[in-house]
Amino acid sequence: MKESAASLNFIEHIIEEDLANGFPQDKLRFRFPPEPNGYLHIGHAASICLNFGLGEKYNAPVNLRFDDTNPAKEEQEYVDAIKKDIAWLGFKWANECYSSDYFQQLYDWAVQLIKEDKAYVDQQSSEEIAAQKGTPTTAGTPSPYRNRPIAESLDLFERMKNGEFSAGSYLLRAKIDMASPNMHMRDPILYRIVNAAHHRTGTDWCIYPMYDWAHGQSDYIEQVSHSLCTLEFKSHRELYDWYLDQINDSNLLRPKQREFARRNLSYTVMSKRKLLELVQKKIVAGWDDPRMPTISGLRRRGYTPESIRKFSDVSGISKRDNVTDVSLLEYCIREDLNKRATRVMAVLNPVKLVITNYPEGNTEMLSMENNPEDPNSGTHEVPFSRELYIEREDFKEDGGKKFFRLSLGNEVRLKSAYIIKAESVVKDKDGNILEILCTYDPESRSGSGTEASMRKVKGTLHWVSIDHAIKAEVREYDRLFLDEAPDSHEDKNFLDFVNPESLRVIKEAYLEPYLSNATLDDKFQFQRLGYFTLDTDSKEGQLIFNKTVGLKDTWAKQSQQATPQAQKAAPAPSNQGKRKALNEIQQISKKLTNFSGDKLESALSSILDLAEEVSYEELEPLFNTAAKKVGTRIGVMLSLGVLLKKGQARNEAINSFIEAGLADDNELLKREAEKVNSL
RNA sequence: UGGUCUAUGGUGUAACUGGCAACACGUCUGAUUUUGGUUCAGAAGAGUCUAGGUUCGAGCCCUAGUAGACCAACCA
């Protein structure tokens, strides 16, 4: 359900407008039309949520239609995976349809087109046809077979269908306009001969319709009212409409195609071809590798359907190119898992801790809340004893004031257990810490209600009893690519940006015994570490956990900032490299007054660099920049300085521009004007 | 170099038929906290790509630029 106050996206505006113009709401019908040649990914989720969301919003049916017109690439495996993913996301389709269901109807319509002299059989090679097609800037030339007699085309087309010809020898083309500025209108192909078994129709057919011929007609057959697709199909719309014109019965509903931008996610790729390449080159373990942006990968990683729907909802729909920050996706899954994940303890990088005043051989069972966010979630028991593991990072001999964890002489609480104090450490001869010796306060047990148990201490650590711990493998994931948009570089292949450390396997992590009963459906929070879920590779007695996402970690951020190595992101060269220098200077300049420190310095120096490519003639008009546009004036001042240094002579215009700068209230502008004035 | 589309804080989207540029993420403070999580309170951050025009008034309309995307598969 959509919240009523929510603003509408442009597709919803179109539908509202259609409704306002008298389109009956009960005629609204949508469809999601995947090609079964790969797995669904988070980008498809946008389209799925759009179409099925519209269906829910307007109480309209939504078909799942497999666009299966290319037997060479399509497989039943993909059909099954796609259905599973959509169902998992929680959507119900009205009908399960296949373009292949309409092959006979499509064939009949094609025959009709030939009879009306709107289609003809061609018999040239693909090279010849491509050459005749022309280019976007030059018109094409007609095929020599364009005016083949109708009867001949009819005969040939039937023989194509009957399997008399080899693949590639003949095709059926629409007769439209070889000079159209729209390449898709230059006699597009309707049918080609393909000798491959189809996953549903087997070898019944040896001619197969092209996308354009199949898609719009399928929409029409199913009486889809709004056919939504991604932007790259925009230029197909003219052909979509032309085909519909040829067969349209005015008593029936005529579908309309509308296009929206596909959704991209930072630090990953979102094309089936590239995803397939990652699978085939074994860079990932499969389509459902938890690092993949596929629905199945995200599911295996521990994402919930709710989180993905939320992400789609909050990302919106529009017509501009976009790269959505993966942090938005992570926010959505954290928000969901925080409410539902069972809190447990696990130590991934252990160091031994001995409580010297705790009785040897003693074990007590402590109670731990399953989820503090949910009062009805209950508790479970966790064993405590004299020898424990804690995280190595949770101890420092001398932690300093801002270190809230365990250090020598300081107290800290063991979550749901006792308050302990570190007394000494045992090291090997290289200085590595072997064990931490502590004492505990027997009065301080969690929930005991004693005064000692209420004491405030600086930090709380998670832990696990060595004797009772179970071992498991834990897999931690990092982004698959090191670049924000790995496939946006003309000069580099996306594979160049693969992150070599995207998978980190911890062979032996220590978990509280409660986890031995974990199932694939369970969601856990390993306290203070993140959200984890069982991986499908797990076997009896060999648990494997995937880290879905870490907790927000402000401490990690702080300690990273403290270390000077901070590899400050150099201003991304991005895809604006070809922008004219002056234009870029204007872009940077306007933000100047908002910058300070490093950012300001780096902006100023990029302006100086860019100014090397600017001529005086280009720059002079900008002397008239409005007084309030201080940033731009600073940028112009800087550029002027560069020109003067290169020998540009001072003139009236220059002098008055500098004068104005000197007299300005803005410190930075004044300063730069002074510098330039003294050149 | 032809056609089509797009341009709003760092990111993603809003802003109804022209009327104070809003929301979320992210960032930064502070409070609470037996998770450096959550929650709560707050802050910073936008000359709405540029230059003109119409208008009492333009993110929105017009003109001209600029930048980016898409289009020349017997793929979808």
Side-chain angles (χ1 to χ4, degrees), chain A residues 6-9 13 16 33-35 37 67 69-70 72-73 125-126 129-130 133-140 167-168 171 180-184 186 189 191-194 208 210-212 214-215 229 231-238 259 261 263 266 272-273 314-325 327-332 334-335 338-339 343 369 372-373 402 404-405 413-417 419 446-447 453-454 456-457 459-462 525 527-530 551-558 575-576 578-580 583-584 586-587 590-591 593-594 621 626 628-632:
Chain A
S7 52
L8 306 180
N9 63 47
H13 276 296
E16 288 295 331
E35 183 192 10
N37 68 341
D67 223 334
T69 55
N70 185 8
K73 287 186 179 171
S125 69
S126 56
I129 290 174
K133 197 142 198 189
T135 71
T137 52
T138 58
L171 10 100
S180 169
N182 183 346
M183 298 296 286
H184 298 289
R186 323 245 261 227
I189 295 166
Y191 276 94
R192 78 286 206 192
I193 298 170
V194 179
Y208 289 90
M210 298 291 288
Y211 163 84
D212 290 293
H215 201 98
C229 60
L231 237 28
E232 68 270 26
F233 292 99
K234 179 65 217 275
S235 58
H236 291 244
R237 187 147 120 194
E238 193 179 353
E259 311 83 9
R263 182 142 309 278
S266 63
K272 279 194 272 189
R273 206 210 84 224
V314 90
S315 296
I317 294 288
S318 73
K319 295 178 80 163
R320 352 177 226 189
D321 292 343
N322 59 78
V323 182
T324 303
D325 200 313
S327 68
L328 187 62
L329 216 212
E330 292 178 343
Y331 159 79
C332 293
R334 281 196 192 104
E335 185 198 56
N338 178 49
K339 287 182 299 199
R343 269 57 173 179
E369 271 185 304
E373 305 298 315
K402 287 174 100 177
F404 299 166
R405 309 176 181 189
R413 170 171 298 279
L414 293 175
K415 177 79 184 173
S416 302
I419 292 175
S446 263
S453 73
M454 315 283 242
K456 301 280 176 208
V457 287
T460 301
L461 307 185
H462 61 276
Q525 184 194 95
Q527 295 212 66
R528 302 209 303 134
L529 296 175
L551 259 25
K552 263 219 290 204
D553 192 347
T554 48
W555 166 245
K557 222 179 301 181
Q558 264 184 52
N575 40 16
Q576 303 192 336
K578 277 172 270 166
R579 190 198 282 274
K580 273 169 94 184
N583 230 298
E584 206 168 333
Q586 284 177 274
Q587 280 298 318
K590 60 190 247 192
K591 301 191 172 162
T593 46
N594 304 324
K628 70 168 185 176
K629 298 185 181 181
V630 178
T632 304

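Letters A, B, ... mirror the listed sequences (proteins, then strands); counts begin at 1. Source: prediction; values computed, not measured.
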Base U35(B) to side chain Gln525(A), donor-acceptor N/O within 3.5 Å cut-off: yes
Which atom names give the shortest non-hydrogen contact between Lys319(A) and Leu231(A), and what distance separates them? O-CD2, 3.3 Å
Report yes if some heavy atom in the side chain of Arg528(A) is under 4.5 Å from a heavy atom in the side chain of Thr460(A); otherwise report no. no
Euclidean distance for P, G42(B) against A69(B) (whole angstrom): 42 Å
Interatomic distance where CE belongs to Met454(A) and C1' belongs to U32(B) [whole Å]: 16 Å
Distance, P atom - from G59(B) to U54(B), rounded to whole angstrom: 16 Å
note: Leu328(A), atom CG; A24(B), atom C1'; distance rounded to Å ~ 7 Å
Can you tell me how far C1' in U48(B) sits from the matching atom in U29(B), rounded to whole Å? 29 Å
Figure out the CG/C1' separation between Leu329(A) and G26(B), and round it to whole Å. 14 Å
Within this structure, what is the CD-to-C1' distance between Glu373(A) and C40(B), rounded to whole angstrom? 13 Å
Checking all strands, does Gly530(A) fall into the base, sugar-phosphate, or nothing category for heavy-atom contacts under 4.0 angstrom? nothing
Can you check the distance between A15(B) and U8(B), where both ends of the measurement are the P atom (answer in whole Å)? 14 Å
Hey, does the side-chain of Arg343(A) have a donor or acceptor N/O within less than 3.5 Å of a partner on the base of U35(B)? yes
Rounded distance (Å) that lies between atom C1' of U33(B) and atom CZ of Arg528(A): 14 Å
Mind listing the closest non-hydrogen atom pair of Met183(A) and Lys133(A) along with its distance? O-CE, 3.5 Å
Partners meeting salt bridge (Lys or Arg N to Asp or Glu O under 4.0 Å) with Arg237(A) (sequence neighbours left out): Glu259(A)
Measure from CH2 on Trp555(A) to P on G36(B) and round the result to the nearest Å. 11 Å
Salt bridge (Lys or Arg N to Asp or Glu O under 4.0 Å) with Glu16(A): which residues, sequence neighbours excluded? none
Just how far, in rounded Å, is P of U11(B) from CD of Glu330(A)? 18 Å
Flag side-chain contact, heavy atom, 4.5 Å: Val314(A) against Leu328(A): yes
Restricting to side chain to side chain contact (heavy atoms under 4.5 Å, CB included), what partner residues turn up for Ile189(A), sequence neighbours left out? Leu171(A), Arg173(A), Met210(A)
Do the side chains of Trp555(A) and Arg405(A) get nearer than 4.5 Å, heavy atoms only? yes
Paired stretches of RNA chain B - 3 or more consecutive Watson-Crick or G-U pairs, each distance under 3.5 Å: B:2-7 with B:66-71, B:10-13 with B:22-25, B:27-31 with B:39-43, B:49-53 with B:61-65
Do any N or O atoms of the protein come closer than 3.5 Å to N or O atoms of nucleotides 13-17 of chain B, and which pairs are they?
residue: U13(B); atom: OP1; partner: Arg263(A); partner atom: NH2; Å: 3.0
residue: U13(B); atom: OP1; partner: Ser318(A); partner atom: OG; Å: 3.0
residue: A14(B); atom: OP1; partner: Ile317(A); partner atom: O; Å: 2.9
residue: A14(B); atom: O2'; partner: Ser7(A); partner atom: OG; Å: 3.1
residue: A15(B); atom: OP1; partner: His13(A); partner atom: NE2; Å: 3.1

Classify Arg405(A) by what it touches in the nucleic acid, base, sugar-phosphate, or nothing, heavy-atom distance under 4.0 Å. base
Less than 4.0 angstrom between a side-chain N/O of Lys557(A) and OP1 or OP2 of C28(B), yes or no? yes
Between the side-chain atoms of Glu238(A) and the base atoms of G3(B), is any donor-acceptor pair under 3.5 Å? no
Nearest-Å distance once atom P is located in both U27(B) and A22(B): 22 Å
Nearest non-hydrogen partners of Thr324(A) and Arg263(A), listed with the distance: OG1-NH1, 2.6 Å
Roughly how many Å is it from NZ in Lys415(A) to P in G37(B), rounded to a whole number? 13 Å
Specify whether Tyr211(A) and Phe233(A) have parallel, tilted or perpendicular ring planes, treating 30° as the upper limit for parallel and 60° as the lower limit for perpendicular. tilted
Quick one: are His184(A) and His236(A) in side-chain contact, heavy atoms under 4.5 Å? yes
Any sub-3.5 Å donor-acceptor pair from Arg192(A)'s side-chain atoms to Ala167(A)'s backbone N or O? no
side-chain hydrogen bond (donor to acceptor under 3.5 Å, both in side chains) between Asp325(A) and Ser327(A), intermediate numbers included: CA-CA 5 Å; Asp325(A) 200 313; Ser327(A) 68; 3.3 Å; yes
Taking the C1' atom of each, how far is A51(B) from G47(B), in whole Å? 15 Å
Mind checking if Tyr331(A) touches a base, just sugar-phosphate, or nothing, with heavy atoms under 4.0 Å? sugar-phosphate
Would you give a per-nucleotide map of nucleotides 70-76 of chain B, 5' to 3', where B means the base has a protein non-hydrogen atom under 4.0 Å away, S means only the sugar-phosphate does, and - means neither? SSB-BSB
5′-ward residue of the pair Lys456(A)/Glu335(A) relative to RNA chain B: Lys456(A)
Describe the nucleic acid contact of Val323(A) in one word from base, sugar-phosphate, nothing, applying a heavy-atom distance below 4.0 Å. sugar-phosphate
With P as the reference atom in both, quote the distance from U17(B) to C61(B) in angstrom, rounded to an integer. 11 Å
How far does the C1' atom of C25(B) sit from the matching atom of G65(B), given to the nearest Å? 34 Å
Closest non-hydrogen contact found for Ser235(A) with Asn182(A) is O-ND2, 2.9 Å
At under 4.0 Å between heavy atoms, what does Lys402(A) touch on the DNA or RNA strands: base, sugar-phosphate, or nothing? base
